[in-house]
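Everything numeric in this text was worked out from a predicted model, so none of it was measured. Chain letters run A, B, ... following the sequence lines, proteins first, then strands; residues in each count from 1.
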Amino acid sequence: MSEFIKLENVTFDYSAEEQNGQHHEAIKNLSLSIEKGSFVAIIGHNGSGKSTLAKLFNGILVPTNGRVTVDGMDTSNEDLIFDVRRRVGMVFQNPDNQIVATTVEEDVAFAPENLGVEPSEIRHRVDQALESVKMSEYKEHSPSQLSGGQKQRVAIAGIIAMQPECIIFDESTAMLDPQGRKEVLETILKLKERGMTVILITHYMNEAVNADRVVVMNGGSIEMDGNPREVFSQVEKLREIELDVPQVTDLAYRLRRDGFELPEGLLFEEETIGALMKLFERGK
Amino acid sequence: MSKLTLENVSYVYSPDTPFEKEALSNVSIEFKENRITGIIGHTGSGKSTVAQLLNGLLKSTSGRVLLDGQDIFEKGSDVSKVRFRVGLVFQYPEYQLFEETVWRDIAFGPSNMKLDPNEIDRRVRSAASFAGVDEELFEKSPFELSGGQKRRVAIAGIMAMEPDIIVLDEPAAGLDPRGRDEIFNGIKKWRDSHNSTVILISHSMEDMALYADDIIVMKDGKVLTSGTVDQVFQRVDVIKQSGLDIPQITAVTEELTKRGLIDGNGIYTVDKAYEKILEALKER
Ligand SMILES: Nc1ncnc2c1ncn2[C@@H]1O[C@H](COP(=O)(O)OP(=O)(O)O)[C@@H](O)[C@H]1O
Ligand SMILES: Nc1ncnc2c1ncn2[C@@H]1O[C@H](COP(=O)(O)OP(=O)(O)O)[C@@H](O)[C@H]1O
Ligand SMILES: [Mg+2]
Ligand SMILES: [Mg+2]
């Protein structure tokens, strides 16, 4: 796999942007690289710098110090910014703020129209995008009639129609109910399967466990970085910064601490049931 | 202390139009005094409709809402007084802040109650402390605050009316784990110190397991089941039937119980699961 987004010693300070902002580094000397086609979850509580990081990834913000490149393109180069933003799409938290048109298909067509894509090509892209989020049958509906999960899928389709290589989800499931979250997560997993680079910012650990890699942000820096099992098995460390761990991970952690033989970093129900059954067998 | 009851309540939106929708059908609920009752259900199950009926914002199509045994819409009863006694915090209340300063926003309710200025100030400060609003923010504009802070200001605004009963419609939706815990703990403290009744609307069984005393599970405008948290978690099949996710730990302990490895129906905390599994392992 090759590097897609790369941050080298990046610092970001909002006061450099806005005159009245307080001097405060939202991102502190951070280096990170994200591989093409990977699925990276970013967790950390409010104010830890997740959204700032996301905006640095697609050039909405440029670093105060250091360098961000997307597919080799420096985001601080204004000649390239259009290209950068087309390659890295972003889906936000509130589904209602992202919908601009009066029908679903017009809404999806909005971004490619702005990119100056030809009408026949737009038609094709819109159909495909709606198909891939399973919203084709709603194409003539008004977005206002849709559920939160459906609205977010339309927002995702709008991004897909720009044919980006990477999509960032900035707490895109936070305002959804469990059903809506499931719909969006399934959509994300499908995108990843088809080779899209996915960056998922979330407070839901049961979403983060599906990623290839989990990056934990704290106070503008990376606190932990590894695969989900490596990261979530560090229960105490996560607790210290007041983050949740999946319930089964917590249970297995406590039993391991008592000396019972269980694999480290259990994340899912099924595997935990299996591991506990083995433990009971052995005890016999 | 006050007692709130729904008696055979039905509610129809847009009656006698093509959009007619029966949101509640023949619902009876008795909210126990001084307890936290969780109303839980899938989106569209009727939770927010119940919330708005409880403080007279909606008037039931049939059936009665009783406050201390008195029909809130009975002739001679003053619905605006009901709204002072039954405080309702809407879903995503942060979008409804409108005063120039945080202090004035929190003071809006008590000011309407024509209290004297010292009493208003006392209530604002007390409510702010329960809701977790720092007094340093009092002179700021609500628009300068983060989403989580705005949410707390909105909650403080209802607490400042010192209602006998407080209804919160998904108060933790979209917050990070720390924000969620702080808000729920603040609500619990408020209940303890004011001897009031709390009604919490949620779609997270996990949150309800931690913070509610009683639970009402709704589906399609009806009450599917209700009881104490312990009682409701004994009926995992019914919870699943309502379309809600059961906590990971409940799924795991149910499966181990089914296989005869532990005696653990209706477990909903990691503490309890750990205790039961340890007990069973030691017996082997
Ligand atoms: N527009 C802004 N102006 C000034 N400070 C900001 C702005 N946006 C975010 N911040 C600050 O930057 C830090 C990181 O914020 P953010 O990236 O939004 O974190 P997260 O997404 O993890 O909640 C916080 O301290 C926040 O208050
Ligand atoms: N203003 C309204 N007009 C018509 N139907 C409504 C209105 N508000 C809610 N409904 C319908 O009533 C049902 C119950 O909605 P609601 O009480 O908001 O449920 P919940 O809060 O559990 O999601 C749903 O089918 C919803 O579509
Ligand atoms: Mg953010
Ligand atoms: Mg609702």
query: Do the charged groups of Asp244(A) and Arg180(B) touch, with an N to O distance under 4.0 Å?
result: yes
Pair Tyr92(B) + Phe90(B): ring centers closer than 6.0 Å: no
field: Structural part of Ile262(B) lying under 4.5 Å from a heavy atom of chain A
entry: side chain
- prompt: Are any of the side-chain nitrogens in Lys47(B) or Asp169(B) under 4.0 Å away from the carboxylate oxygens of its partner?
  reply: no
- prompt: Quick one: of Met205(A), His203(A), Glu270(A), who has the most non-hydrogen atom pairs under 4.5 Å with chain B?
  reply: His203(A)
field: Under 4.5 Å from any heavy atom of chain A - which part of Gln248(B)
entry: both
task: Select one option (side chain, backbone, both, neither) describing which atoms of Tyr95(B) are under 4.5 Å from chain A's heavy atoms.
output: side chain
query: Is it true that a side-chain atom of Thr249(A) and a backbone atom of Leu266(A) form a donor plus acceptor pair closer than 3.5 Å?
result: yes
query: What part of Glu206(B) lies closer than 4.5 angstrom to a heavy atom of chain A: side chain, backbone, both or neither?
result: side chain
- request: Sort Ile43(A) into side chain, backbone, both or neither according to what part of it lies under 4.5 angstrom from a heavy atom of chain B.
  value: neither
field: Glu171(A) versus chain B, the contacting section by heavy-atom distance below 4.5 Å
entry: side chain
field: Asp225(A) bridged to Arg213(A) by N-O distance under 4.0 Å
entry: yes
- line: Turns out that what part of Asp258(A) lies under 4.5 Å from chain B's heavy atoms comes down to side chain
message: Quick one about Asp13(A) and Ser15(A) (side-chain donor to acceptor, distance below 3.5 Å, no hydrogens or angles considered), yes or no?
response: yes
statement: Okay, Leu256(B) and chain A: the region with an atom under 4.5 Å from a heavy atom over there is side chain
task: Please state whether the side chain, the backbone, both or neither of Phe268(A) comes within less than 4.5 Å of a heavy atom of chain B.
output: backbone
message: Salt bridge or not between Glu275(B) and Lys272(B)? Use side-chain N to carboxylate O under 4.0 Å.
response: yes
